[in-house]
Amino acid sequence: MSKEYEIIMGLETHVRIKSNTKMFCSCANALELAPEPNIHVCPVCMAFPGQLPVLSEWVIDLAVRASHALRSKVEKTSIFDRKSYFYPDLPMGYQITQLYHPIADGGQVQTMVDGEVKTFRIHHMHIENDAGKLIHVSGKTLCDYNRAGSPLMEIVTEPDFRSKSDVIAYLEEIQKLMRWCGSSDADMEKWQLRCDVNISVREKGEATFRNRVELKNINSFSSIGRAIDVEYARQIEIYESGGSIDQETRGWNDEKWFSTPLRSKEDAMDYRYFPDPDLPPLVLTEAYITKREIDELPIDRRLKYLNEYKLSSDDARILASDHVTSDFYEKLVQITNDPKKSCSYITTILFSIFDSHHEKIGLSDIQDRTDEIAEVIRLVNTDELSSTNSKIVIEKLVFEWGKTDDWVDTLGLRQKNDLSALEAIVDQVLTGSTSQVTEYKSGKINLFWFFVGQCMKLSQGQWNPKIFTEILNKKLS
Ligand SMILES: [Zn+2]
């Protein structure tokens, strides 16, 4: 009988902080790939003797915001430690990190996995500086230190993940959260978001965890899924054949779809951690911490759109995906009090206008136009503007600005709904077409559309054809 296994995973995610400088010097932060290697370096990040690190305030500001987004407790005192190891990508011979007293403790990330709300616990988040990059070409190794000293946050979770969907949903939420609080663009392709996955497998029902393997070098959402599948199968195969798993670190090779051991527990490095004597403890005031709090997160808004506004899960996800879209929607709903129509005017009409336009344009370009878009929705709801014509007005508002009411009148799109005035027009048409009325009454029912046409003509097309139809139906019956 084959045994049933389950996978248990914890994540260590590195996020590049979006400050303009490196963590301890004024060199440009490696947010984008620099045009040349080794152009953003200075005596501090290259560890020249006698140089002292100066902590960037910007880095701390963004790290505190990110901690709030992770619903972590921001520590008033955190301490920088030296993690020593010798490798050509590390000019100082040690990395400055926070081992014993990290800046953020605990926390959680909520997200939706396959339509269900799940909570993943955060163990802690610490800040540290990055190493340089080694490039191996034709038997030689080249060092690029543009990235050395750039600020990173390392977010460490509890072992709460049970499937690759869990992992991918969490990482997508981390990406949203970091963009939401402005701490990072968290773009995986630009190495602003990297992830190591700790994986262990056990038989279902077991209470303790077995040895885990840390998978490194995973750098895209799709390769994470592949790496997890392959490692899960590898561990089960070893257990099934009577073997055991060593606690080790393995590197994922995404081209060949397998991992190779980097180091085992036995040769785990001794990093000789100790507090950095060049850096005093980081002390934050209560006021500094609370000033950077964040009330609503993307998941809070997404759940509100789903549960209160009754939007579809796709619409809720799209509208809560980033600050610009979500704030635009919130503002629109505040004015229209119509969550459904406000949603469709963004997700169908505005987005299709943006898509069909050759220049890059988006909601951020029309952030101040919510009043006018809301007016379009009001006119449609009061039958003064047909929904087909509303698209024309929205296009005008997007590309030529101006006011909704002016466009509706200039383009002659206002439908008039004053019943007595409409009745007067119908009467005028019917008295002027007595012979057609007789023919209609004797069975030529197609003439009905002749009367509607006459009414539209007389009203210069500005009146609501739906109401004309109703009145004509009543008068001709
Ligand atoms: Zn520097």
Side-chain angles (χ1 to χ4, degrees), residues 13-67 78-99 101-104 125-137 140-155 178 182-194 219 269 271-284:
T13 310
H14 285 93
V15 180
R16 185 174 310 290
I17 297 176
K18 200 183 170 181
S19 56
N20 64 343
T21 66
K22 289 186 180 180
M23 199 157 166
F24 299 108
C25 63
S26 55
C27 289
N29 188 6
L31 291 171
E32 305 279 337
L33 203 63
E36 277 177 61
N38 298 309
I39 52 172
H40 301 307
V41 290
C42 76
V44 176
C45 53
M46 291 304 100
F48 281 25
Q51 300 297 320
L52 287 173
V54 178
L55 179 60
S56 152
E57 279 184 40
W58 198 337
V59 167
I60 301 307
D61 174 74
L62 296 180
V64 170
R65 288 176 201 278
S67 310
S78 59
I79 292 171
F80 291 100
D81 300 300
R82 287 187 181 180
K83 176 184 182 179
S84 303
Y85 65 95
F86 292 97
Y87 204 62
D89 66 357
L90 198 68
M92 287 179 177
Y94 58 85
Q95 182 187 27
I96 304 176
T97 181
Q98 298 181 309
L99 180 71
H101 300 281
I103 191 166
M125 189 270 278
H126 64 258
I127 47 179
E128 60 189 25
N129 59 5
D130 204 353
K133 190 171 127 194
L134 301 182
I135 304 148
H136 309 281
V137 234
K140 291 192 177 111
T141 296
L142 306 173
C143 304
D144 177 5
Y145 294 118
N146 281 335
R147 200 165 84 181
S150 281
L152 296 174
M153 292 180 274
E154 182 171 339
I155 305 165
M178 293 303 130
S183 298
S184 177
D185 288 338
D187 192 332
M188 267 196 150
E189 279 170 19
K190 292 179 182 167
W191 281 71
Q192 294 164 349
L193 179 72
R194 281 177 273 159
N219 53 17
M269 278 198 257
Y271 292 117
R272 294 180 293 124
Y273 283 99
F274 66 92
D276 192 314
D278 289 341
L279 287 159
L282 170 64
V283 179
L284 305 173

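We count ligands from 1, going down the list as the structure has it; atoms in each ligand are counted the same way. Only heavy atoms go into these numbers, but all of them, side chains included; no hydrogens, no water, no symmetry mates. Throughout, numbering of the chain's residues begins at 1 and tracks the sequence.
- For the pair K133 and W191, the minimum side-chain heavy-atom distance is 4.5 Å or more.
- The aromatic rings of Y85 and Y87 sit tilted, their planes meeting at an angle between 30° and 60°.
- Judged by distance alone, with hydrogens and angles left aside, the side-chain atoms of D187 form no donor-acceptor pair with the main-chain N or O of Q192 at under 3.5 Å.
- With respect to the salt-bridge test (charged N to carboxylate O, under 4.0 angstrom), the residues R147 and D89 do not qualify.
- For D144 (side chain) and N38 (main-chain N/O), a donor-acceptor pair under 3.5 Å exists by modelled atom type.
- The tally of protein N/O/S atoms under 2.8 Å from the Zn ion (ligand 1) stands at 4.
- S150 contributes a side-chain N or O that, together with a main-chain N or O of A30, makes up a donor-acceptor pair within less than 3.5 Å.
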